[in-house]
Amino acid sequence: MNRQFRLKRRPVGRVTRDDFDLVEAPVPTPGPGQAVARNLYLSLDPTNRIWMSDMDQYLPPVALGEVMRGGGVGTIVASNNPDYQVGDTVNGLLGWQDYCLIGAPGELFPPTVIPQGLPIPMTALMGACGMTGLTAYFGLIELGQPKAGDTVVVSAAAGAVGTVVGQIAKIKGCRVVGIAGGKKKCDFLTRELGFDAAVDYKAADWREQLKAATPDGVDVNFENVGGEIMEAVVERMNLFSRMPLCGMISTYNDANPPRYDLTPFLMKRIKLQGFIVLDFKDRYIEGSMQLAQWLLEGKLKAQETVVDGLETAPETLNMLFDGGNIGKLIVKIADAA
Ligand SMILES: NC(=O)c1ccc[n+]([C@@H]2O[C@H](COP(=O)([O-])OP(=O)(O)OC[C@H]3O[C@@H](n4cnc5c(N)ncnc54)[C@H](OP(=O)(O)O)[C@@H]3O)[C@@H](O)[C@H]2O)c1
């Protein structure tokens, strides 16, 4: 059988299991030009929460009754499409389900076949060398324009994107300051990943910590969180600094997200640009090759939190909002054959 999480209603605030129907459908049979993947890993991402809502967004919202959209890695188990051979590893929007019918009507992007024998763990295809790594890479390099000696601040620093942003900034010779919740995560950033400083935003004195960690101000703010953390970093930003706006996770569960004062962007001529990793889709191969090379050279560590069982997906997603993950959050669905 094919277990599928179908979106039953649009969540209000945090996601709950009751927002979905968990149904058992037959394993799909491929029609002409179609293929079937056995899903092995599911990538959980803050944007899943956005896709569940009907706010204006960069992809169509998941329709009520539709299988919940989600990235993942799987193996082709049946195929009537010469682009997919049985046994191939595929990476793409495989959904919150055990099996994905590739080439089904309404498919947004066909999954990509991963070259055989790649010396990269499957989970890194979603994390450090996959979409989250590419987000960090293009957001920082193209929009942040970091130069050696710059101070780069990244929020949600111990998460999937943040850990990669900080490590790339170190490779580029920057002073790197991460903002994360709790001493354990802050210690991890400085001791394990080589960040120069970490600010624990859950500590009462976090604003003083931020000031002390950025004595020369901030040249690049890689923004993942929004809210008062973003405002405090903007206060520390230098003239002609850059702010790639990657995400605002602190507000994704809010019906009425805050509005911001843009005056500092004018006064300090800060270059602010929102982006979605899809903007760089023509350059994914270049980005993945560079990330994979750094991984293999030991310059980039791929951090992951892996939770067992497709059935845990709704609760596991909330770990992103509770800070329960370090690095890329992944659900393991099945063992590779
Ligand atoms: N633009 C794009 O194409 C793109 C692509 C991927 C991701 N993103 C964005 O990048 C950001 C990070 O995504 P990710 O996949 O790497 O997730 P992640 O950082 O692995 O997980 C989210 C982290 O955010 C922190 N957080 C949650 N609520 C918070 C709050 N209210 N205040 C401060 N920190 C909070 C938590 O860490 P703590 O324990 O430190 O609180 C949590 O671990 C998100 O905003 C996401 O939407 C954008």
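For clarity, every value in this text was computed on a predicted model and none was experimentally measured.
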If only atom types and distance count, is the side chain of [X] paired as donor or acceptor with the main-chain N or O of [Y] below 3.5 Å?
{"X": "Asn80", "Y": "Gly31", "value": "yes"}
{"X": "Arg242", "Y": "Asn221", "value": "no"}
{"X": "Arg49", "Y": "Gly13", "value": "yes"}
{"X": "Gln290", "Y": "Gln293", "value": "no"}
{"X": "Asn81", "Y": "Gln34", "value": "no"}
{"X": "Lys268", "Y": "Met237", "value": "yes"}
{"X": "Ser250", "Y": "Val225", "value": "yes"}
{"X": "Thr132", "Y": "Gly127", "value": "yes"}
{"X": "Asn238", "Y": "Asp216", "value": "yes"}
{"X": "Asp88", "Y": "Ile76", "value": "no"}

Just so I know, are the side chains of [X] and [Y] near enough to count as touching, which here means a heavy-atom distance under 4.5 Å?
{"X": "Phe265", "Y": "Val234", "value": "yes"}
{"X": "Leu94", "Y": "Pro111", "value": "yes"}
{"X": "Val27", "Y": "Val77", "value": "no"}
{"X": "Leu101", "Y": "Tyr99", "value": "no"}
{"X": "Gln145", "Y": "Val220", "value": "no"}
{"X": "Met126", "Y": "Glu304", "value": "no"}
{"X": "Pro244", "Y": "Leu140", "value": "no"}
{"X": "Leu118", "Y": "Thr89", "value": "no"}

Worksheet item: Quick one: ring-ring contact (aromatic ring centres under 6.0 Å, His included) pairs with a partner in residues 110-135, sequence neighbours left out?
Response: none
Item to complete: Could you list all the salt bridge (Lys or Arg N to Asp or Glu O under 4.0 Å) pairs where at least one residue sits in residues 184-210, not counting sequence neighbours?
Response: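 Sorted pair list: Lys170-Asp196, Lys183-Asp187, Asp187-Arg191, Arg207-Glu228.
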Once rounded to the nearest 0.5 Å, what's the spacing between atom [atom1] of [X] and atom [atom2] of [Y]?
{"X": "Leu317", "Y": "Asn48", "atom1": "CG", "atom2": "CG", "result": "5.5 Å"}
{"X": "Tyr260", "Y": "Thr263", "atom1": "OH", "atom2": "OG1", "result": "15.0 Å"}
{"X": "Lys147", "Y": "Asp219", "atom1": "NZ", "atom2": "CG", "result": "6.5 Å"}
{"X": "Ser155", "Y": "Ile249", "atom1": "OG", "atom2": "CD1", "result": "10.0 Å"}
{"X": "Leu295", "Y": "Lys301", "atom1": "CG", "atom2": "NZ", "result": "11.5 Å"}
{"X": "Met68", "Y": "Met52", "atom1": "CE", "atom2": "CE", "result": "4.0 Å"}

Count I, L, V, M, F, W, Y as connected when their side-chain heavy atoms are under 4.5 Å apart, and connections chain through other members. Are [X] and [Y] then in the same cluster?
{"X": "Ile50", "Y": "Val12", "value": "no"}
{"X": "Val36", "Y": "Ile102", "value": "no"}
{"X": "Val165", "Y": "Met131", "value": "yes"}
{"X": "Val67", "Y": "Leu310", "value": "no"}
{"X": "Phe109", "Y": "Val62", "value": "yes"}

Of all heavy-atom pairs between [X] and [Y], which one has the smallest distance, and what is that distance?
{"X": "Phe195", "Y": "Val177", "value": "CD2-C, 4.3 Å"}
{"X": "Leu93", "Y": "Gly71", "value": "CD2-N, 4.0 Å"}
{"X": "Pro60", "Y": "Arg69", "value": "O-NH2, 2.7 Å"}
{"X": "Ile168", "Y": "Tyr137", "value": "CD1-CA, 3.7 Å"}
{"X": "Pro110", "Y": "Tyr84", "value": "CB-OH, 3.6 Å"}
{"X": "Pro257", "Y": "Thr251", "value": "CB-CB, 4.0 Å"}

Worksheet entry | Pair Gln303, Thr163: side-chain N/O donor-acceptor within cut-off below 3.5 Å | no
Fill in: Crowding at CD, Glu297 (>12 non-hydrogen neighbours, <6.0 Å)
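More than 12 heavy atoms, drawn from other residues, nucleotides or ligands, come within 6.0 Å of this atom.
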Fill in: Flag if over 12 foreign heavy atoms under 6.0 Å of CG, Leu239
yes
Item to complete: Take Asp18 and Thr16 through the test side-chain hydrogen bond (donor to acceptor under 3.5 Å, both in side chains) and record every step on the way to the result.
Response: CA-CA 5 Å; Asp18 294 340; Thr16 69; 4.9 Å; no
Worksheet item: Salt-bridged, Lys8 to Asp19, with N to O below 4.0 Å?
Response: no
Discussion item. Set out, in order, the CA-CA distance, both residues' side-chain angles and the distance that settles side chain to side chain contact (heavy atoms under 4.5 Å, CB included) for Asn253 and Phe321, then state yes or no.
Written reply: CA-CA 9 Å; Asn253 283 326; Phe321 297 92; 3.5 Å; yes
Fill in: Verdict with reasoning, Val199 to Val153, per side chain to side chain contact (heavy atoms under 4.5 Å, CB included)
CA-CA 10 Å; Val199 172; Val153 171; over 6 Å; no
Item to complete: Evaluate side-chain hydrogen bond (donor to acceptor under 3.5 Å, both in side chains) for Tyr58 paired with Thr47, printing each intermediate quantity in order.
Response: CA-CA 10 Å; Tyr58 61 97; Thr47 200; 2.6 Å; yes
Worksheet entry | Worked check of salt bridge (charged side-chain N to carboxylate O under 4.0 Å, His left out) between Arg38 and Asp98 | CA-CA 6 Å; Arg38 173 70 170 116; Asp98 288 308; 3.4 Å; yes
Discussion item. Does the plane of the ring in Phe280 sit parallel, tilted or perpendicular to the ring in Phe138? Use 30° and 60° as the thresholds.
Written reply: parallel
Cut-off 3.5 Å, no hydrogens considered: what does the side-chain donor-acceptor table look like for residues 324-337, sequence neighbours left out?
residue : atom : partner : partner atom : Å
Asn325  : ND2  : Gly327  : O            : 2.9
Lys328  : NZ   : Ser43   : OG           : 2.9
Lys328  : NZ   : Leu44   : O            : 3.4
Lys328  : NZ   : Asp45   : OD1          : 2.7
Lys332  : NZ   : Asp335  : OD1          : 2.5

Discussion item. Could you go through Lys172 and Val152, starting from their C-alpha distance and side-chain angles, then the distance that decides it, and tell me whether this counts as side chain to side chain contact (heavy atoms under 4.5 Å, CB included)?
Written reply: CA-CA 10 Å; Lys172 297 290 172 190; Val152 174; over 6 Å; no
Practice prompt. Run the numbers on Gln4 and Val23 for side chain to side chain contact (heavy atoms under 4.5 Å, CB included), then give the verdict.
Written response: CA-CA 5 Å; Gln4 300 181 313; Val23 303; 3.8 Å; yes
